[in-house]
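In what follows, a single structure is set out as structure tokens and then discussed.
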There are 2 protein chains.
Amino acid sequence: MRKEHSTNAMNEQFLFGVCELNSAISVISGRWKSQIVYSVSQGNNRFHLLKKELPNISEQVLGRQLKELETHAILVKKEIAGTVPIGIEYILTNKGLDLVPILESLCNWGKAYEGKEISACGNIFSRKGAKRQRSEDKSEC
Amino acid sequence: MRKEHSTNAMNEQFLFGVCELNSAISVISGRWKSQIVYSVSQGNNRFHLLKKELPNISEQVLGRQLKELETHAILVKKEIAGTVPIGIEYILTNKGLDLVPILESLCNWGKAYEGKEISACGNIFSRKGAKRQRSEDKSEC
DNA sequence: GCAATAACGAACAAATTTGTTAGTCTAAAA
DNA sequence: TTTTAGACTAACAAATTTGTTCGTTATTGC
């Protein structure tokens, strides 16, 4: 349960007030969450399909993350008509759909600087006048 | 300390392997972190300036978050020549600079759907043919 | 001489997130 | 009739993140 008046919770609220950036990030930052959004956008929109794609996730955790995404209106559940027992599909809302291209740019950003953790500090000004090469974003993400 | 072989740590590694999206998000998702990146990009690039902008953060936490951002090569420290005692500036690397526009789009995404948590599920298909109105992104973020 | 400012590091404690164990419900298959 | 699949929820435990307390270094202002 949330402590509502802990320093931590209050700092979170403070940041939410500073800029929507912070609430946006808190929505997508749980473990598995953005990967689930991406998978659903690719058509893996059933509970069991997600389980197959994320073999290490437990059903309980998957259910919880899906519910949280639902709470933030990233996706909605929909019963599939005429199935017995009733099957359930997950569908991205507009909000969720609008998120996908942002996740893709994050993915490309990550790939562009892959493996350049502590090193990349060579000449931090090298960017001046440098053509940014992004080498054929293939977005296998 | 990290447990390296906990289920949690292994799941994290698994996700990092699935797509760079996941490592990208883990880099920016700590409390204060993306706000710090944004603030630095706006010119608040000194320890004391950040403290002023984020009055609720403790110096120790600020120092820790800055160090983590440095570890991920989002920013670098630079001593300001000719100051006594030596002043320190934080400068975004190329990696950090490339991140800023993505943070801005996250911010705009957050603003576009502000306050539409559980509600926004009206007609999830309303997007079809609907002009997306984004009402003059003023990006005060 | 004593406090204040800029910039932190280490160790510990509190809060929060993630994972685990156990259990539910329905219907078709073995 | 017992098992299996699909879709979960609740409660508890382990792991991780965030915040707190104390300490450091060096110099300028009072």
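Basis for what follows: all heavy atoms, side chains included, without hydrogens, waters or symmetry-related copies. Computed from a prediction, not measured in an experiment: that's the story for all the values here.
Computed from coordinates, the Ile36(A) CD1 to dC8(D) P distance equals 12 Å when rounded to whole Å. Atoms CD (Glu89(B)) and P (dA6(C)) sit 15 Å apart, rounded to a whole Å. Look at CD on Gln13(B): it is 15 Å from C1' on dA15(D), rounded to the nearest Å. Rounded to an integer number of Å, the gap from NZ of Lys3(A) to P of dT20(D) is 14 Å. The distance from atom CD1 of Ile88(A) to atom C1' of dA5(D) is 14 Å, rounded to the nearest whole Å. Atom CG in Asn44(B) sits about 13 Å away from atom P in dA7(C), given to the nearest Å. Whole-Å rounding puts the Glu79(A) CD to dG6(D) P distance at 17 Å. Following rounding to the nearest Å, Phe47(A) (CZ) and dT24(C) (P) show an atom-to-atom distance of 18 Å.
If you run side-chain contact (heavy atoms from CB on, under 4.5 Å) between Ile102(A) and each of Leu106(B), Asn108(B), Leu103(B), only Leu106(B) comes through.
By the side-chain contact (heavy atoms from CB on, under 4.5 Å) test, Gln60(A) pairs with Ser58(A), sequence neighbours left out. Annotation: side-chain contact (heavy atoms from CB on, under 4.5 Å) contacts of Ser26(A) (sequence neighbours excluded): Phe16(A).
Counting only heavy atoms from C-beta on, Arg46(A) has its side chain closest to dG6(D) among dG6(D), dA6(C), dT16(C). Set against dA10(C), dA7(C), dT17(D), the side chain of Lys67(B) has dA10(C) as its closest nucleotide. Distances were taken from every side-chain heavy atom of Tyr90(A) (C-beta onward) to each of dT17(C), dG6(D), dC8(D); the shortest belongs to dC8(D).
Side-chain contact between Arg46(A) and Tyr90(A): absent, with no pair of heavy atoms (C-beta onward) separated by less than 4.5 Å.
With hydrogens and angles left out, the side-chain atoms of Asp98(A) and Tyr113(B) include a donor and acceptor closer than 3.5 Å. Using modelled atom types, one finds a donor on one side chain and an acceptor on the other under 3.5 Å when comparing Ser23(A) with Glu20(A).
In this model, the phosphate group of dC8(D) is approached by a side-chain N or O of Lys77(A) to a distance below 4.0 Å at OP1 or OP2. Look at His48(A) and you won't find any side-chain N or O under 4.0 angstrom from OP1 or OP2 of dA5(D).
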Grab the N/O contacts between the protein and nucleotides 18-23 of chain C below 3.5 Å, and write none if there aren't any.
from: dT18(C); atom 1: OP1; to: Arg31(A); atom 2: N; distance (Å): 2.9
from: dT18(C); atom 1: O3'; to: Asn8(B); atom 2: ND2; distance (Å): 3.4
from: dG19(C); atom 1: OP1; to: Asn11(B); atom 2: ND2; distance (Å): 2.4
from: dG19(C); atom 1: OP2; to: Trp32(A); atom 2: NE1; distance (Å): 2.9
from: dG19(C); atom 1: N7; to: Arg64(A); atom 2: NH2; distance (Å): 2.5
from: dG19(C); atom 1: O6; to: Arg64(A); atom 2: NH1; distance (Å): 3.2
from: dT20(C); atom 1: OP1; to: Thr7(B); atom 2: OG1; distance (Å): 3.2
from: dA22(C); atom 1: N6; to: Gln60(A); atom 2: NE2; distance (Å): 2.9

Could you check Phe14(B) against Leu54(A) for side chain to side chain contact (heavy atoms under 4.5 Å, CB included), going step by step and ending with a plain yes or no?
CA-CA 9 Å; Phe14(B) 167 79; Leu54(A) 308 171; 4.3 Å; yes
